Structures are given as structure tokens and as C-alpha cells.
Amino acid sequence: MPTAPCRMPLLSHSVVALRHGLDFVMSLAEIGLIVRIYLGPRPAYVLTTADLIREVSLGEAGEFHREELREAIQDVIPIRRPGRGSPMRRSSTN
């Protein structure tokens, strides 16, 4: 499994991921379908195609811990749900 370039000692890929976010993630597709990055000392795996993400999330790619995946995603991308401390915006279509 390929590892993303630009890994820094101690900080790993965290700095690149924070500074270049979407550009960094999009560039990983050139490296492989699944690319290992390090966030601090912990490895993380980035799925680089929509089809692969769909296969994994819908359970067609074998067994893994979906709850851990959800928690990891929420650590990076906070999911706001109505009625849980975040107001929903209503679109004005009047």
C-alpha cells in the first residue's frame, strides 16, 4: 500500500492535510486507490475513488468496523444534525 509523500517527522501528514486539505486529498488519487497517510503516529487510509468509498461504506468490500469509521470521519468533518445544538437554515423560496 503506497504512503503519501511529504510526511514530516513527528507531525506526519497533519500539516499538509491542514494547510492544503482538499488539494492534498485529491492528489492522493494519482498515487493509488487506497493511500496510507499518518496523522501524528497513527496511520489512516484514504480511499480515492467514489466507487471504492461506496463499496466500503455499503459493506461490499469485506469486514471492518463501520462505527470506528464514522467516529474517525466525525473527528475530521463534524456532522451537524438538526436538534442537536446546531440550528438548521431554511431556504427562502417564498
Side-chain angles (χ1 to χ4, degrees):
M1 174 156 328
T3 298
C6 303
R7 185 176 174 195
M8 298 173 62
L10 300 175
L11 299 174
S12 304
H13 294 103
S14 300
V15 173
V16 177
L18 289 172
R19 285 189 182 162
H20 303 288
L22 186 57
D23 290 334
F24 172 66
V25 172
M26 298 290 287
S27 73
L28 298 177
E30 298 171 7
I31 298 170
L33 293 175
I34 303 173
V35 179
R36 180 179 22 243
I37 64 171
Y38 285 88
L39 303 173
R42 296 182 66 191
Y45 300 90
V46 180
L47 308 175
T48 62
T49 67
D51 288 337
L52 187 55
I53 293 168
R54 191 174 303 109
E55 284 180 39
V56 169
S57 64
L58 296 176
E60 298 171 19
E63 188 174 320
F64 73 102
H65 301 282
R66 281 187 182 75
E67 192 57 38
E68 290 178 18
L69 176 64
R70 284 187 199 103
E71 289 172 7
I73 290 170
Q74 288 176 354
D75 286 346
V76 177
I77 305 169
I79 297 173
R80 296 182 181 163
R81 296 183 181 149
R84 297 194 181 180
S86 130
M88 291 291 292
R89 285 186 175 173
R90 290 188 177 183
S91 61
S92 56
T93 56
N94 299 359

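This is a predicted model, so every value here is computed, not measured.
Note: the hydrophobic cluster containing Leu33 also contains Leu47 (ILVMFWY, side chain heavy atoms under 4.5 Å, direct or indirect links). Cluster annotation: Leu39 and Leu10 are assigned to distinct hydrophobic clusters (Ile/Leu/Val/Met/Phe/Trp/Tyr, side-chain heavy-atom contacts under 4.5 Å, transitive). There is a path of hydrophobic side-chain contacts, each under 4.5 Å, that joins Ile53 to Met1. Residues Leu52 and Tyr45 share a single hydrophobic cluster, defined by chaining ILVMFWY side chains whose heavy atoms lie under 4.5 Å apart.
With respect to Thr48, the side chain to side chain contact (heavy atoms under 4.5 Å, CB included) criterion is satisfied by exactly one of Ile31, Val35, Val25: Val35.
Counting only heavy atoms from C-beta outward, the side chains of Ile37 and Val16 never approach each other to under 4.5 Å.
Within the structure, side-chain hydrogen bond (donor to acceptor under 3.5 Å, both in side chains) contacts touching residues 2-20 (residues at least two apart or in different chains) are Thr3-Arg36.
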